[in-house]
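Order of the sequence lines sets the chain letters (A, B, ...), proteins ahead of strands, with each chain counted from 1.
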Amino acid sequence: MRFTTKSMLMALAGSTMLAGTATAELTGDLKIFLDTSNPAPRATMEKMIADFGAEHPGLNIETTVIDREAYKTQIRNFLTADAPDVATWYAANRMSPYVKAGLFEDVSDLWAEPAIADNLASTKGAMTIDGKQWGVPYTYYQWGIYYRKDIYEELGLNEPATFEEMKSNCQAILDSGRKCYTIGTKFLWTAGGWFDYLNMRTHGFDFHMELANGDVKWTDDRVKQTFANWRELIDMGAFVDNHQNYSWQESLPFIVNGEAAAILKGNFAVAPLREAGLDDGKLDFYQFPEITPGIALAEDAPTDTFHIPANASNKEAAREFLRFVVSANVQSEINNGANLGQLPVNAGSTVDDDKFLNEGFTMLSENSPGGVAQFFDRDFPAEMAAEAMQGLQEFMVFPDNLDDILKRLDKVQERVYK
Amino acid sequence: MTTAPAVPTTTAQPRGWYKRNEIAVTPWLFLAPAILFFAFYVIWPIYQSIVISFYDWDGLGEARFIGMDNYVELMDDGAFEVSLWNNLKWLLFYLLAIPGGLFIALFLNQTVTGIRIYKSLFFFPFVLSQVVVGLVFSWFYLPNEGLLNGVLGLVGLGPVNVLGDPTMATYGIIAAGLWPQTAYCMILYLTGLNAVDPEQIEAGRLDGAKGWRMLWFIIIPQLKPATFIAFVVTIIGALRSFDLISIMTNGGPFGQTRVLSFYMFEKALSEYGFRMGYGAAIAVVLFLIMLVFIAYFLWSMWKEEKGR
C-alpha cells in the first residue's frame with residue numbers, strides 16, 4: 001500500500017475527529033453481556049474492555065459474563081426484559097430469530113463507515129439479513145482435520161488431497177488397529193460439521209446453502225449422494241465406536257492416546273490437545289480433501305459477534321465499543337495466541353505467528369474459492385438444525401435408517417420454511 | 001387506671017361488620033395468603049400454558065392463534081410418541097422402588113451393633129444430588145472403561161453400551177433413578193416399621209403365622225400409610241424425571257430417552273427451541289396425565305378423612 005500525504009492527512013483527521021467526538025460525548029453506563037466464560041477468553045475480553053474504559057473515562061462500564069451454554073437460552077430473556085447495551089452472539093442464521101423479532105439494533109450505519117466497510121468486507125455477508133447488518137464480528141476460526149502427524153509418519157501416509165486418498169489412508173490406519181476419526185456426538189453438533197464438509201465437497205457451497213435455505217428437499221438424490229459418501233466411511237469403521245456417548249471433549253482422549261488418528265474440528269480443539277501433550281511435532285492440520293473433482297472448495301469458519309440489543313439504553317457508547325472491537329489493533333491483540341488464539345476479522349490486523357492459525361488463515365484466504373459457511377447450526381434455522389443433527393447422529397449409528405430419517409427431515413422442512 | 005371490663009356492654013353500640021361475621025371470615029383471612037400465592041403461581045400459569053398451547057409463538061415475536069393445530073401435530077409426532085412411552089416406562093418401573101425399599105427396610109429393621117451406620121449408608125444415595133447420581137451412573141455405564149462392563153467381562157459377557165443403545169438407554173436411566181428412590185422408600189418404611197404394633201405380631205405368632213404370611217397379613221396392612229406416601233412420591237418422581245435424562249443422555253441417542261418434560265423443554269426453551277406453543281401443548285398433555293394421579297391421591301386422602 002502506498003501512502004500519499006493526502007491520504008495520511010485524511011486518516012489523521014479522521015482519527016482525531018473520532019477521538020474528539022468520543023471523549024466529548026461518551027458518558028453514562030455501558031452494560032456488556034459476554035458468553036466468553038472459559039478462562040482464557042474471559043480474561044481477554046475483560047482486558048479489552050478495560051482498555052476501552054481507559055480511553056473513555058467518563059463511561060461507567062459494567063461487564064457480565066454468563067456461562068457459554070446458559071447464555072444460549074438466557075439471551076432471549078435479557079434481550080426482551082433487561083437488555084444490556086452490547087451482547088455477544090453468533091453470525092448468520094443464528095441471529096435471525098432475534099433480528100426478526102426486532103431485538104437487535106440495525107447497525108448498517110457502522111458498516112457504511114469506511115473503517116469497517118473496507119476492512120470487514122469478508123464477513124459482511126454473514127452479518128447481513130434482509131439487506132441490513134445487525135452486528136459486528138470479533139473473531140472467527142477455521143475448521144479442518146487435525147491429525148496425529150507421528151501416526152501418519154509411522155504408517156508412511158501423506159495428507160490426503162482427494163476422497164480416494166482419504167479412504168486409502170483410513171484403511172491403512174484401520175489396518176494398524178486404530179480408528180481414523182474420533183468424534184463425540186452426544187451433543188449432536190459435531191456430526192453437523194461432518195455433514196457440512198461432506199455436502200460442500202460433494203455438491204459445493206451453493207448447493208449446501210440451497211439446502212440450508214430450504215430450497216432443496218432432504219430426500220433429494222444429491223443429498224442422498226452426500227450420505228452415500230459418508231456411509232462409505234461409516235461402513236469402513238472409520239469413526240470411533242459408541243461416539244453417541246461422548247461429548248467432543250470426551251472424544252479427545254482417543255486422539256491423544258493414539259487410538260484414533262484424526263479429528264474434524266474447529267481450531268478451538270488445538271488448545272486442549274496441546275495441553276494434553278500433543279506438541280506441534282505430533283499434531284498437524286490439513287484441509288478437508290476434495291470429493292467431487294472440480295467443485296470449488298468451501299470451508300466452515302464460524303464467526304462470533306457483538307450486537308447492540310434494540311432495547312439498549314446507551315447505543316451511542318455501544319456503537320463506539322463496536323468500532324473499538326473491530327479496529328485492526330484490537331483485533332490483532334485479542335485474537336493472538338496468548339488470548340483467543342483465533343483469527344482476526346479485520347483485514348488490516350496481523351495473524352499471530354502460530355502454526356495452526358497460519359495454516360487456517362492461508363486456507364481461508366487463498367484456498368477457499370467456493371465460499372465460507374458459518375456452521376451447520378448457524379446456517380440452518382434453529383429448529384431445522386436441531387432435528388437434522390439428531391438425524392445425522394442416528395445415521396452415524398444406524399446408517400440403514402437413512403430413508404426414514406430423510407423423510408422425517410422433509411416433514412420438518414415443510415413446517416420450518418413455510 | 002382502670003381496666004376495661006371483660007365483657008363489653010353489648011347493647012350500647014351495634015357491632016361492626018367484621019365482628020358480626022368473624023366466624024365465617026377469619027378462616028378465609030388465614031387462607032388468603034396461601035390462596036393468593038397458589039392462584040398466582042399455580043393456577044394462573046396453568047391457565048397461561050393452556051392458552052399458549054393454542055398459539056404459534058417463538059417466545060419473542062407475535063403470537064398467532066392456530067387453534068388445535070399444535071395438538072393435531074402432536075398426534076402425528078414420532079418423537080412425542082417415544083416420549084409418551086418412555087413416561088409410561090418410568091411410571092411402571094420406578095414403582096420397583098417401593099418393594100425394593102420395603103425389603104431393605106425389613107432387612108435393616110434389627111438391632112445389631114452399628115445398625116445406624118448401615119441405615120445411613122443405605123440412605124446416602126438419597127442425599128446426593130440427582131446430577132451427581134446421573135454422573136456416577138454414566139461413568140458406571142461407560143462402554144469401555146465402565147465398572148459395569150468390567151464386571152460383565154469377568155463373567156464372560158460381552159461389553160454393552162447401555163446409554164448408547166436406544167432400546168436399553170431408558171432402562172439404564174430408570175435404574176440410576178431407582179438407586180436414590182429406593183433409599184427414600186426405605187426411610188419411609190423404616191419409620192413405618194417403628195409404628196407396627198408388637199402385640200399384633202405376638203398374636204399372629206400365637207396363631208402360627210410366620211415368614212411370608214406374617215409379612216403379608218400382619219406387617220404390610222399396618223404399613224399402609226407408609227405405602228401410600230411411598231406411592232405418591234414415587235409417581236411424582238417418575239413424572240418429573242428430568243435431571244437424570246439431561247445429565248446422562250441429553251435425551252439421546254437421537255431422542256430415544258426423552259420423556260414429556262424433557263421434550264417440552266427441548267421444543268420450547270432449549271438452545272434451538274423456539275416453539276412455545278408446541279411446548280405448552282406437550283406440557284398440557286403431561287398435566288392431564290398428572291391430573292389422573294393427583295385426582296386419585298386427593299380422592300383417597302378425602303376418603304381417609306371421611307372415614308375418621
Side-chain angles (χ1 to χ4, degrees), chain A residues 68-77 79-80 94 96-104 185-189 191 240-247 250 253-254 259 377 380-398 401 404-405 407-408 411-412 415-416 418, chain B residues 56-64 66 69-70 72-73 76-79 82 135 138-146 149 159-169 172 246-258 263 265-276 278-279:
Chain A
R68 199 174 174 87
E69 294 304 313
Y71 191 95
K72 291 172 183 168
T73 53
Q74 282 179 21
I75 181 167
R76 63 183 84 170
N77 296 339
L79 284 184
T80 45
R94 273 313 271 282
S96 76
Y98 309 107
V99 170
K100 298 226 164 83
L103 293 171
F104 278 160
T185 59
K186 182 175 178 184
F187 295 100
L188 308 176
W189 56 269
V240 291
D241 297 326
N242 301 320
H243 53 77
Q244 69 269 36
N245 289 46
Y246 306 116
S247 65
E250 287 165 341
F254 291 105
E259 291 164 44
D377 67 354
F380 287 67
E383 204 188 324
M384 188 72 239
E387 294 283 346
M389 292 191 303
Q390 187 182 309
L392 297 179
Q393 187 201 35
E394 182 172 350
F395 170 74
M396 286 190 77
V397 182
F398 296 115
N401 295 1
D404 193 37
I405 296 167
K407 275 193 204 118
R408 234 161 44 213
K411 232 173 85 182
V412 178
R415 197 188 59 239
V416 172
K418 71 176 175 215
Chain B
D56 178 20
W57 186 40
D58 63 1
L60 299 166
E62 285 289 298
R64 195 166 56 87
I66 52 166
D69 280 10
N70 281 328
V72 173
E73 199 189 322
D76 195 30
D77 183 348
V82 169
L135 266 182
S138 49
W139 292 333
F140 175 69
Y141 288 141
L142 273 183
N144 301 315
E145 309 82 349
N149 279 317
V160 285
N161 180 6
V162 178
L163 295 181
D165 182 334
T167 53
M168 273 193 291
S246 171
I247 289 293
M248 294 175 72
T249 61
N250 198 32
F254 30 92
Q256 296 298 306
T257 58
R258 283 192 288 234
Y263 192 44
F265 169 80
E266 259 194 11
K267 281 288 170 193
L269 303 165
S270 73
E271 187 179 343
Y272 306 107
F274 285 96
R275 303 189 67 197
M276 293 295 165
Y278 199 61

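Looking only at side-chain heavy atoms (C-beta outward), A/Arg94 and B/Tyr272 come within less than 4.5 Å of each other. Two residues are said to be in side-chain contact when any heavy atoms from C-beta on lie closer than 4.5 Å; A/His243 and A/Val397 meet this criterion. The side-chain heavy atoms of A/Phe398 and B/Pro166, taken from C-beta on, include a pair separated by under 4.5 Å. Contact check for B/Tyr263 versus B/Val82: no side-chain heavy atoms found under the 4.5 Å cut-off.
By the 30° and 60° cut-offs, the orientation of the rings of A/Tyr98 relative to A/Phe104 is tilted.
Of the atoms belonging to A/Lys100, not a single heavy atom falls under 4.5 Å from chain B. At a 4.5 Å heavy-atom cutoff, A/Tyr71 makes no contact with chain B through either its backbone or its side chain. Heavy-atom distances place the side chain of A/Arg415, and not its backbone, under 4.5 Å from chain B. For A/Gln244, the part lying near chain B is the side chain, with the backbone staying farther off; criterion is any non-hydrogen pair under 4.5 Å. Proximity to chain B (any heavy atom under 4.5 Å) is restricted, for A/Asn245, to the side chain, taken from C-beta onward. For B/Gln256, no part lies near chain A; criterion is any non-hydrogen pair under 4.5 Å. Heavy atoms of B/Ser138 lying under 4.5 Å from chain A are absent altogether. For a residue to count as touching a neighbouring chain, one of its non-hydrogen atoms must lie under 4.5 Å from one of that chain's; by this rule A/Met384 does not touch chain B. Heavy-atom distances place both the backbone and the side chain of B/Asp76 under 4.5 Å from chain A.
For chain B, the option among A/Lys411, A/Arg408, A/Glu69 with the highest count of heavy-atom pairs below 4.5 Å is A/Lys411. Annotation: maximal heavy-atom pairing with chain B below 4.5 Å, among A/Asn242, A/Leu392, A/Thr73, occurs at A/Asn242. Ranked by heavy-atom pairs under 4.5 Å with chain A, the first of B/Pro253, B/Pro143, B/Gly61 is B/Pro143.
For the atom pair CD1 (A/Ile405) and CZ (B/Phe254), the distance works out to 8.0 Å, reported to the nearest 0.5 Å.
Among all heavy-atom pairs drawn from A/Tyr246 and A/Asp241, the shortest one is CE1-O, 3.9 Å. Annotation for B/Glu271 and A/Arg76: closest pair O-NH2, 4.2 Å, computed over non-hydrogen atoms.
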